[in-house]
Amino acid sequence: MATLVMQLLGCDVAALNTVHFSNHTGYRQFKGTRATAEQITELYEGLCQSHLTDFDVMLSGYAPSAAAVEAVGAIGMDLQRKAEKNPGSFFWVLDPVMGDQGRLYVNNDVVPAYKKIIPHADLILPNQFEAETLSGMKISSLSTLAEAITAIHATYNVPHIIITSVDLSKFTQSSSPQTTPPDSLTVIGSTTRSDGSPRLFRIDVPALDCYFSGTGDMFAALIVARFREAVFAADPQLRTTKSWVSPDDVAATELPLARATVQVLASMHCVLEKTMEARDAELRAADTRGDELLGEEERLKREHLRKSKAAEVRLVRNVQYLREPTVVFQAQEWRKEDLPAGSQ
């Protein structure tokens, strides 16, 4: 997913796959292998020996073990060392894939491995559960969400953060100047100022009633292309600034990170809407003859596999929405005075 999205947006990509699976894990069954730390390192050494490491951006996602996380971290840090004489020439986007919906789906030792390498990243893309894991805070309100982002900035010294999906409707909150539309998800982003304080923005998008697999990778890959594009469209000095951190006088909604995220979400919403339409048509046309003869467990399994296949993201046939999205969602600045008074 990530490789194809970046290629469709014109990026030349060298992909070091951390797994080799027959299908994504949303099917609840798969065949294949996970890459070892040694295999990941060996592939990178092969790039190095042929002088093929002149990368602008590195995107790291799922790693199947703590040792693999460490191997990926070593690659990121080596690329940073090679670029340290040219600030802004290399940027590391790290998606700390650890879990979701309140639970880890990696081994416990993966968490400290991520905590060790995150201080070297320029942008991280945790979901709400991963942000809680990194900050050590339970996010249950707008106030605790802001505190968690501030804590992650301070603890890991990471300049840019996007929390990729937050359901604000589940928060305990008083009335606020910024109301969240019903049936929506919120993406929260921040770029630090020179004093380390966050510049927070939020973007509300309609929630789609379907489970898609691969949307995290899709988001990360789109951010790689769109953020770099937004940086290059901004002040020319920004592209030679360490970690692409905008001057303090740039408002939250004018940050390249906010401008990029707006485009990313526009693309994703269109592609996923088209996917839902295709899914519904495929399920209506599905041949379910004989299902009634199956046992309950087997019938449910077949139904799940059928729905999983129908919900495969229709990426290639909707490439126009990746390249030329129609922007309908806007970033809002999110200031402390906009938080509900006394929310816990």
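These numbers were taken from a predicted model, which means no experiment stands behind them.
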Pair Thr164-Asn127, side-chain hydrogen bond (donor to acceptor under 3.5 Å, both in side chains): steps then yes or no: CA-CA 5 Å; Thr164 52; Asn127 58 32; 5.6 Å; no
Looking only at non-hydrogen atoms, find the nearest pair between [X] and [Y] and report the distance.
| X | Y | value |
| --- | --- | --- |
| Leu9 | Ala225 | CD1-CB, 3.7 Å |
| Gly196 | His153 | O-CB, 4.2 Å |
| Val166 | Phe171 | CG1-CZ, 3.5 Å |

Gap between atom CG of Leu315 and atom OG1 of Thr275 - 0.5 Å precision: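 Nearest 0.5 Å value for the OG1-CG distance: 8.0 Å.
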Approximate separation, where rounding is to 0.5 Å, of Met6 CE and Asp217 CG: 9.0 Å
Donor on one side chain, acceptor on other, Gln128 and Asp167, under 3.5 Å: no
Between [Y] and [X], is there a salt bridge with N-O shorter than 4.0 Å?
| X | Y | result |
| --- | --- | --- |
| Glu229 | Arg226 | yes |
| Glu282 | Lys309 | yes |
| Arg299 | Glu296 | yes |
| Lys82 | Asp78 | yes |
| Asp287 | Arg289 | yes |

Side chain proximity check, Tyr44 to Leu79, heavy atoms < 4.5 angstrom: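 Yes - at least one pair of side-chain heavy atoms lies under 4.5 Å apart.
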Flag if over 12 foreign heavy atoms under 6.0 Å of CD, Glu42: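 No, because the 6.0 Å sphere around CD of Glu42 holds 12 heavy atoms or fewer from other groups.
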Glu324, CD atom: more than 12 neighbouring heavy atoms under 6.0 Å: no
Arg228 to Phe232, cation-pi by 6.0 Å centre distance and 45° axis angle: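 Judged by the rule, Arg228 and Phe232 form a cation-pi pair.
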Ring pair (Phe, Tyr, Trp, His ring centres under 6.0 Å) between His24 and Phe21, intermediate numbers included: CA-CA 7 Å; His24 66 68; Phe21 288 165; over 10 Å; no
Residues Leu125, Val93; criterion side chain to side chain contact (heavy atoms under 4.5 Å, CB included); working and verdict: CA-CA 8 Å; Leu125 306 173; Val93 180; 3.7 Å; yes
Donor-acceptor contact below 3.5 Å, side chain Asp235 vs main chain Gln237: yes
Positive for side chain to side chain donor-acceptor pair (under 3.5 Å) with Glu303, one of Arg306, Lys307, Lys301: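 Output: one option passes, namely Lys307.
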